[in-house]
Amino acid sequence: MSDAVAVVLALKALRDAKSRLGEEYRVDDRREKLVAAMFTDTVDAVVGAGYRDVVVVSPDPQVLGLARDLGCRPVAEPDGGEGLNAALAHGARGAPGGVVYLQADLPALRPASFADALTAADAHRVAFVADRHGTGTSLLAVAAGVRFVPAFGPESAAAHRGAGAVELDPTHARWADLRCDVDTPDDLRAAAALGLGARTDAALLVTHSDAARNRDG
Ligand SMILES: Nc1nc2c(ncn2[C@@H]2O[C@H](COP(=O)(O)OP(=O)(O)OP(=O)(O)O)[C@@H](O)[C@H]2O)c(=O)[nH]1
Ligand SMILES: C=C(OP(=O)(O)O)C(=O)O
């Protein structure tokens, strides 16, 4: 896919995000900081791959401010938001070229994987990369002029396949970093094994040293 595309990410209000991360992150604002760090590392990889039109949809002014600082185009989610797919559709509205929908929680993402997947997507009207579990979707690429309604959520890989999107690398041999979205502590361990981006690495270091200090008195 050429770089004349809009890359669209959606992020909930930080205080509501990633409720499945577990106890360790329920202390102070650790979870919010980790979510913001994972988002930052995701955007850094996209920008590092040379994609400049990055749209971020969120109801949270803090997320929108961070998006602006990262060089993204912040889009405020309308009040009474209707969920992730409505937020993504809102962000993509008016995009003149192709649209790439990307999860915002890919802390191990590397620019080369993102660029490589978009090159593979070029051969298709609509293509997606499944997550590491094979059930979800990390990335959905829709070519210019094609109308396709994103169906992120539980079992989104099957939903996207059923709606005619082509699964890129169905053997799941490539792009482990791109497939590793983080919802649970286990996902976070999987991402750490691949190599985390600098912001997420730093956020985890703080969390772990706080936890050790509390444990050791
Ligand atoms: N703007 C916006 N983003 C959303 C919405 N729902 C989910 N997202 C984002 O979509 C991505 C995928 O959602 P999930 O992986 O379920 O993340 P989550 O809802 O933060 O996680 P849990 O609380 O553990 O379910 C995350 O980046 C969320 O922040 C929504 O209604 N609006
Ligand atoms: C929204 C999705 O993922 P998750 O809720 O697992 O992050 C998805 O894979 O479509």
Side-chain angles (χ1 to χ4, degrees), residues 7-26 29-43 45-46 54-67 70 72-93 100-109 117 126-142 148-163 165 167-168 172 175 177-188 190-191 197 199-200:
V7 181
V8 181
L9 295 83
L11 199 55
K12 278 180 175 173
L14 291 179
R15 68 173 175 282
D16 298 331
K18 298 290 153 209
S19 56
R20 287 169 280 170
L21 271 180
E23 280 306 317
E24 192 175 355
Y25 298 96
R26 297 221 171 90
D29 59 354
R30 284 180 199 168
R31 190 179 47 169
E32 287 88 332
K33 284 188 169 148
L34 178 58
V35 173
M38 294 196 296
F39 163 68
T40 301
D41 284 331
T42 305
V43 169
V46 169
V54 183
V55 179
V56 176
V57 187
S58 180
D60 187 334
Q62 199 183 333
V63 172
L64 297 173
L66 176 57
L70 292 170
C72 305
R73 192 145 52 87
V75 173
E77 189 166 337
D79 284 344
E82 290 170 20
L84 172 56
N85 291 303
L88 290 170
H90 187 65
R93 204 154 291 146
V100 174
Y101 301 98
L102 183 70
Q103 293 279 19
D105 50 9
L106 301 170
L109 182 62
V126 186
F128 73 99
V129 176
D131 68 6
R132 74 187 182 98
H133 304 290
T135 53
T137 303
S138 287
L139 175 155
L140 173 71
V142 180
F148 188 92
V149 179
F152 283 85
E155 308 297 329
S156 62
H160 288 141
R161 205 179 286 117
E167 180 170 2
L168 299 175
H172 296 191
W175 311 317
D177 53 322
L178 171 59
R179 295 178 190 278
C180 197
D181 62 316
V182 169
D183 295 313
T184 64
D186 196 40
D187 295 330
L188 203 45
R199 296 307 181 105
T200 306

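In what follows, residues are counted from 1 in the order of the sequence shown. Every number for a ligand or one of its atoms is a count from 1 in the order of the listing. No hydrogens, no waters, no symmetry mates; every other heavy atom, side chains included, goes into these values.
Contact annotation: for Ser19 versus ligand 1, heavy atoms closer than 4.0 Å belong to both the backbone and the side chain. Both the backbone and the side chain of Lys12 come within 4.0 Å of ligand 1, counting heavy atoms alone. Looking at Val57 against ligand 1, only its backbone comes within 4.0 Å, counting heavy atoms. Counting heavy atoms closer than 4.0 Å to ligand 1, residue Asp183 contributes side-chain atoms (C-beta onward) but none from N, CA, C or O. Contacts between Glu82 and ligand 1, counted as non-hydrogen atom pairs separated by less than 4.0 Å, are absent for every part of the residue.
Remark: ligand 2 atoms within the under-4.0 Å shell around heavy atoms of Gly136 are 9 (O). Short contacts between ligand 2 and Asp183, defined as distances under 4.0 Å to a heavy atom of the residue, involve ligand atoms 4 (P), 6 (O), 7 (O). The distance from ligand 2 to the heavy atoms of Ser156 drops below 4.0 Å at these ligand atoms: 8 (C), 9 (O), 10 (O).
Between Lys18, His90, Met38, it is Lys18 that holds the heavy atom closest to atom 21 (O) of ligand 1. Distances from atom 9 (C) of ligand 1 to the heavy atoms of Ala13, Ala87, Ala10 put Ala10 nearest. Heavy-atom proximity to atom 5 (O) of ligand 2, evaluated over Lys18, Gln103, Arg20, is greatest for Arg20.
Between Gly153 and ligand 2, an N or O atom pair is found at a separation short of 3.5 Å. Between Asp131 and ligand 2, not a single N/O pair is under 3.5 Å apart.
Ring orientation note: the planes of His160 and Phe152 are nearly perpendicular, at an angle over 60° on the 30°/60° scale.
Under a 4.0 Å heavy-atom criterion, Thr135 is not in contact with ligand 2.
In this structure, Arg132 pairs ionically with Asp187, as a charged nitrogen and a carboxylate oxygen lie closer than 4.0 Å.
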